[in-house]
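Below is one structure, written out as structure tokens; comments come after it.
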There are 2 protein chains.
Amino acid sequence: MNVSARLMFTRLHIRRGESLYLAGDRFTSLYAVRNGFLKTTAILANGRDQVTGFAMTGEVLGMDGIEEERHTCNTIALEDSEVCAISFARLQELTLTIPGLQRHFHTMMSREIVREHGVMLLLGSMNAEERMAMFLLNLSQRFAAHGCTASEFNLCLTREEIGSYLSLTLGTVSRIFSRFRERGLIAVRQKFVRIVDRDKLERVIGRGALATDRVPGTPPSENA
Amino acid sequence: MNVSARLMFTRLHIRRGESLYLAGDRFTSLYAVRNGFLKTTAILANGRDQVTGFAMTGEVLGMDGIEEERHTCNTIALEDSEVCAISFARLQELTLTIPGLQRHFHTMMSREIVREHGVMLLLGSMNAEERMAMFLLNLSQRFAAHGCTASEFNLCLTREEIGSYLSLTLGTVSRIFSRFRERGLIAVRQKFVRIVDRDKLERVIGRGALATDRVPGTPPSENA
DNA sequence: CGAACGCTTGACATTTGTCAAACGGCGTGG
DNA sequence: CCACGCCGTTTGACAAATGTCAAGCGTTCG
């Protein structure tokens with residue numbers, strides 16, 4: 001019996017627009033995305049919500065719920081999607097006996113912490129164009145990570161959702177798409193985006209980029 | 001033998017201005033703050049850094065390093081501080097045998113994820129006054145959490161560090177302190193801040209607050 | 001006592017948000 | 001199959017928030 005089987009994955013289908021879980025829902029499982037595309041949103045008291053992340057194949061959702069045994073954000077499918085529910089209680093049992101599983105799980109949580117760090121920096125120290133460039137390059141990289149084309153993809157997001165994630169208004173997002181198009185960085189038709197000149201797009205970020213984005217294995221930090 | 005002893009805490013003293021670890025440093029331990037006050041910063045390629053969190057007594061630092069076995073951010077003491085280094089390898093061993101320790105650890109990581117969610121919302125959907133109010137109330141709450149006065153405390157931060165954390169410029173931070181003072185929300189003398197009218201301060205946030213009563217803005221620190 | 005640093009405050013510039021008009025695809029119903 | 005209407009988008013004109021730059025002040029520490 002392999003690890004997957006012992007974790008007792010439960011396959012779930014979520015249709016476009018439906019939620020996987022909502023803030024306040026009882027937390028019981030983590031979810032591994034098998035295919036599709038989902039967004040995570042946090043709710044504000046004023047009724048508005050902000051998109052805090054996207055998930056695609058191979059990524060894991062739900063770790064926000066561990067602390068309070070309740071989810072603190074919403075996850076909603078942006079296209080018909082399929083996920084595996086992994087019982088958290090069962091996962092915790094198995095980490096005690098399956099070598100490496102505990103470490104794997106901790107790595108995953110740590111990665112989520114580092115990812116959010118990146119978003120904080122994105123929101124905190126990059127201007128609108130830099131954010132958009134970062135967003136496009138990041139999506140491209142993640143699509144490529146599981147065999148999709150890196151340079152052309154279908155955003156199943158509205159301009160408003162992109163804006164919510166990047167903390168820009170719909171109008172600003174649209175304007176920047178136009179500017180990028182005029183400058184020959186990307187081609188846009190409807191929701192299809194093609195990265196025409198990756199170098200230039202990377203140069204948009206330039207001085208705002210994360211130091212750690214440069215060379216993965218060799219971060220700075222010599223003095224001390 | 002109690003849990004603390006078995007985890008083999010190592011006490012460290014870090015003087016004001018010194019670092020606990022820097023981005024790129026090998027990750028070996030988590031750190032529990034015993035006393036003092038530290039900041040965590042992430043580095044940008046352009047050489048600037050952004051403050052991503054603060055840590056005070058009882059909070060845990062270093063979880064960002066688990067993924068790559070290297071730290072991805074810097075942690076620096078803002079006043080003379082004392083921390084306990086907890087060997088991560090040892091911690092992972094012990095979670096296998098000490099009931100509840102694994103769960104406790106997972107809760108802690110999840111809390112950090114939720115905290116960062118809060119900062120993302122702070123940066124993404126609150127204006128300058130709301131951010132400052134959130135920051136002050138959050139600090140107040142955390143000081144109170146370990147027995148300090150909730151309404152009066154000593155910021156060992158410069159205006160620039162506050163600004164870096166909230167993504168505002170030094171000037172804006174200063175101006176908002178002045179405005180809050182004029183309106184009778186706080187009293188400021190040097191780095192001492194006293195919350196004069198907590199209700200009004202909370203009302204500044206008002207419509208920007210998280211639906212969940214959890215204060216998002218400037219939560220617990222830890223890096224990450 | 002003097003220099004350095006951090007802070008305050010003003011005038012002005014810039015970025016981004018707001019609001020509104022108009023366009024375009026896409027789907028639905030005739 | 002076509003027409004209409006809706007939703008998402010584009011774009012413009014303008015407003016507001018915040019950043020930039022610079023001058024001057026107060027503390028603190030050597």
Side-chain angles (χ1 to χ4, degrees), chain A residues 16-17 39 44 46 48 50-51 78-79 122-136 154-183 185-193 204-208, chain B residues 15-17 39 44 46 48 50-51 78-80 122-136 154-183 185-193 204-208:
Chain A
R16 181 182 171 187
K39 70 172 175 182
L44 302 168
N46 58 6
R48 287 209 189 296
Q50 178 176 341
V51 175
L78 291 170
E79 61 180 27
L122 176 100
L123 295 176
S125 58
M126 295 174 69
N127 66 26
E129 286 202 359
E130 289 167 340
R131 291 183 206 181
M132 283 290 302
M134 200 66 128
F135 171 72
L136 292 171
N154 187 8
L155 287 181
C156 28
L157 296 166
T158 65
R159 302 288 187 260
E160 186 156 32
E161 284 165 329
I162 296 171
S164 171
Y165 177 59
L166 300 176
S167 281
L168 300 170
T169 54
L170 186 162
T172 302
V173 172
S174 181
R175 260 180 263 269
I176 290 176
F177 267 122
S178 298
R179 267 189 257 165
F180 280 1
R181 184 160 20 81
E182 285 160 15
R183 286 195 251 152
L185 308 190
I186 61 174
V188 189
R189 197 174 46 161
Q190 315 280 109
K191 307 238 176 202
F192 281 97
V193 174
V204 168
I205 302 169
R207 61 195 203 100
Chain B
R15 247 191 280 249
R16 180 183 173 186
K39 71 173 175 181
L44 303 168
N46 58 8
R48 287 210 189 295
Q50 178 176 339
V51 174
L78 291 170
E79 61 181 27
D80 294 356
L122 175 97
L123 296 176
S125 59
M126 295 174 68
N127 67 26
E129 286 202 358
E130 289 167 339
R131 291 183 206 182
M132 282 289 303
M134 201 66 124
F135 171 71
L136 292 171
N154 186 8
L155 286 181
C156 27
L157 296 165
T158 65
R159 302 289 188 260
E160 186 156 33
E161 284 166 329
I162 296 171
S164 171
Y165 178 59
L166 300 177
S167 280
L168 301 171
T169 54
L170 187 163
T172 302
V173 172
S174 181
R175 262 181 262 269
I176 290 176
F177 267 123
S178 298
R179 267 189 258 166
F180 280 1
R181 183 160 23 80
E182 285 159 15
R183 285 195 252 152
L185 309 189
I186 61 175
V188 190
R189 197 173 47 161
Q190 317 281 109
K191 307 235 177 202
F192 280 97
V193 174
V204 168
I205 301 169
R207 62 194 201 96

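In what follows, every chain begins at residue 1, and chains take the letters A, B, ... in the order their sequences are listed.
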For atom [atom1] of [X] and atom [atom2] of [N], their distance in whole Å:
| X | N | atom1 | atom2 | answer |
| --- | --- | --- | --- | --- |
| L78(A) | dG8(D) | CG | C1' | 15 Å |
| L155(A) | dG8(D) | CG | P | 15 Å |
| R181(B) | dC7(C) | CZ | P | 13 Å |
| L170(A) | dG12(D) | CG | P | 16 Å |

Next item on the list: Using the salt bridge (charged side-chain N to carboxylate O under 4.0 Å, His left out) rule, collect all pairs that involve residues 172-183 of chain B, keeping only residues at least two apart or in two chains.
Entry: E129(B)-R179(B), E129(B)-R183(B)

Margin query: With salt bridge (charged side-chain N to carboxylate O under 4.0 Å, His left out) as the rule and sequence neighbours excluded, what pairs involving residues 154-169 of chain A come up?
Written below: K39(A)-E161(A)

Next item on the list: Look at the side-chain N and O atoms of S174(B) and state whether any lies under 4.0 Å from the OP1 or OP2 oxygen of dG6(C).
Entry: no

Check: If only side-chain N and O atoms of K191(B) are considered, is one of them under 4.0 Å from the OP1 or OP2 phosphate oxygen of dG6(C)?
Finding: no

Checklist line | Y165(A) and L157(A): CA distance, side-chain angles, deciding distance, side chain to side chain contact (heavy atoms under 4.5 Å, CB included) verdict | finding: CA-CA 10 Å; Y165(A) 177 59; L157(A) 296 166; over 6 Å; no

Next item on the list: Name every residue in residues 156-164 of chain B that has at least one heavy atom under 4.0 Å from any atom of DNA chain D, in order of residue number, or write none if there are no such residues.
Entry: none

State the [atom1]-[atom2] distance between [X] and [Y], to the nearest 0.5 angstrom.
| X | Y | atom1 | atom2 | value |
| --- | --- | --- | --- | --- |
| S174(A) | L168(A) | OG | CG | 12.0 Å |
| L122(B) | L123(A) | CG | CG | 10.0 Å |
| L155(A) | L136(A) | CG | CG | 7.0 Å |

Margin query: Going by the rule side chain to side chain contact (heavy atoms under 4.5 Å, CB included), which residues pair with R189(B) if we only count those two or more places apart in sequence or in a different chain?
Written below: none

Are there any protein N/O atoms within less than 3.5 Å of an N/O atom in nucleotides 28-30 of chain D, and if so, which ones and at what distance?
residue	atom	partner	partner atom	Å
dT28(D)	OP1	Q190(B)	NE2	3.1

Check: Are any non-hydrogen side-chain atoms of I176(A) and F135(A) less than 4.5 angstrom apart?
Finding: no

Check: Is there a side-chain contact between F177(B) and M132(B) (heavy atoms, below 4.5 Å)?
Finding: yes

Checklist line | Residue pair C156(B) / E79(B): nearest heavy atoms and the distance that separates them | finding: SG-OE1, 3.5 Å

Check: Does the pair S125(A) and E130(A) meet the rule for a side chain to side chain contact (heavy atoms under 4.5 Å, CB included), with working shown?
Finding: CA-CA 9 Å; S125(A) 58; E130(A) 289 167 340; over 6 Å; no

Notebook entry, point to check: Which nucleotides of nucleotides 13-21 of chain D have their base under 4.0 Å from a protein heavy atom (B), which only their sugar-phosphate (S), and which neither (-), written as one string 5' to 3'?
Noted result: B----SSB-

